[in-house]
Amino acid sequence: ITVGAETLTAKQCYIKALDINENIPGLWYNLATFSTLGEVLTIGGAEYQQYHCLLKVDSLEMNVKDANAWANIAFRMVMPGDTITVGGDTFNQKQCYDMALKIDPKNATALSSKKECKGPWCC
């Protein structure tokens with residue numbers, strides 16, 4: 001995409017748009033689809049990874065009773081020390097899977113992923 005004299009990729013366009021307004025969930029979702037696991041993106045001076053982008057649209061901030069959202073966010077945590085903050089509380093990967101299973105003990109994503117989860121930051 002060319003804007004003025006500058007040629008931008010779709011990802012760069014989403015980042016520029018979010019630098020202007022971070023309150024549009026669709027922009028976060030689209031940016032997540034163009035990013036890769038573990039990739040660090042800078043928006044408004046803050047660093048985000050793919051799961052941070054999805055956190056904005058997974059409704060965790062509005063509905064903490066969504067087991068799929070907790071499991072999806074946990075699955076995307078790929079770096080040691082990855083955490084998310086929801087409602088003032090900080091959660092690591094294991095705690096996100098635990099939240100998903102607390103809400104829905106039969107959540108397939110949380111059950112299978114937590115079982116496979118390895119590493120010092122994980123389960």
Side-chain angles (χ1 to χ4, degrees):
I1 298 170
T2 302
V3 179
E6 190 175 14
T7 301
L8 304 170
T9 65
K11 186 187 313 183
Q12 291 169 320
C13 288
Y14 291 123
I15 291 171
K16 282 192 175 283
L18 287 166
D19 279 337
I20 296 167
N21 185 349
E22 293 186 18
N23 297 316
I24 303 173
L27 293 175
W28 288 105
Y29 179 81
N30 290 339
L31 181 58
T33 64
F34 281 97
S35 63
T36 58
L37 287 174
E39 179 180 9
V40 177
L41 308 162
T42 302
I43 299 160
E47 291 185 346
Y48 296 88
Q49 290 188 33
Q50 187 182 54
Y51 69 92
H52 291 117
C53 297
L54 293 170
L55 175 61
K56 298 285 189 178
V57 294
D58 271 340
S59 75
L60 276 176
E61 294 174 326
M62 295 173 285
N63 181 7
V64 295
K65 296 186 181 196
D66 184 344
N68 288 325
W70 284 105
N72 289 337
I73 293 299
F75 182 77
R76 288 173 178 82
M77 291 182 172
V78 295
M79 302 296 289
D82 277 350
T83 62
I84 60 165
T85 301
V86 178
D89 295 320
T90 301
F91 299 87
N92 63 22
Q93 188 178 47
K94 178 187 179 304
Q95 292 165 323
C96 288
Y97 284 133
D98 290 344
M99 287 297 293
L101 293 170
K102 180 178 178 181
I103 295 163
D104 177 6
K106 296 181 181 180
N107 183 282
T109 301
L111 285 170
S112 64
S113 297
K114 185 175 178 183
K115 185 177 182 180
E116 298 298 319
C117 191
K118 305 281 189 264
W121 66 92
C122 191
C123 309

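Sequence positions, counted from 1, serve as the residue numbers for this chain.
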Spatial distance of atom [atom1] ([X]) from atom [atom2] ([Y]) [nearest 0.5 Å]:
X	Y	atom1	atom2	result
H52	L31	NE2	CG	12.5 Å
I84	M99	CD1	CE	9.0 Å
L54	W28	CG	CH2	10.5 Å

Worksheet item: What is the minimum heavy-atom distance between Y97 and A110, and which atoms define it?
Response: CD2-CA, 3.8 Å
Worksheet, complete the sentence: Note: A71 and A100 closest approach over all heavy atoms is N-CB, 3.9 Å
With sequence neighbours excluded, what pairs up with [X] under the side-chain contact (heavy atoms from CB on, under 4.5 Å) test?
X	result
F34	A10, K11, Y14
T90	T83, T85
I1	V3, C13
N21	N23, I24

With a 4.5 Å cut-off on side-chain heavy atoms, are [Y] and [X] touching?
X	Y	value
Y48	E22	yes
L18	L41	no
V86	V64	yes
I103	D66	no
W70	T109	no

Worksheet item: In chain order, what residues pass the side-chain hydrogen bond (donor to acceptor under 3.5 Å, both in side chains) check against T42, with sequence neighbours excluded?
Response: none
Discussion item. Going by salt bridge (Lys or Arg N to Asp or Glu O under 4.0 Å), name the pairs with one or both residues in residues 102-112, residues two or more places apart or in two chains.
Written reply: none
Worksheet item: Mind checking who shares a hydrophobic cluster with V40, ILVMFWY linked at side-chain heavy-atom distances under 4.5 Å?
Response: none
Practice prompt. Check which hydrophobic residues are tied to L111 through side-chain heavy-atom contacts below 4.5 Å, counting indirect links as well, and list them.
Written response: L101
Fill in: Side-chain donor or acceptor of D19 paired with backbone N/O of G44 under 3.5 Å
yes
Worksheet item: Taking the side chain from Q50 and the backbone from T36, do they hold a donor-acceptor pair closer than 3.5 Å?
Response: no
Worksheet item: Under the ring-ring contact (aromatic ring centres under 6.0 Å, His included) test, which residues partner F75, sequence neighbours left out?
Response: none
Worksheet, complete the sentence: D98 meets the salt bridge (Lys or Arg N to Asp or Glu O under 4.0 Å) criterion, sequence neighbours left out, with K94, K114
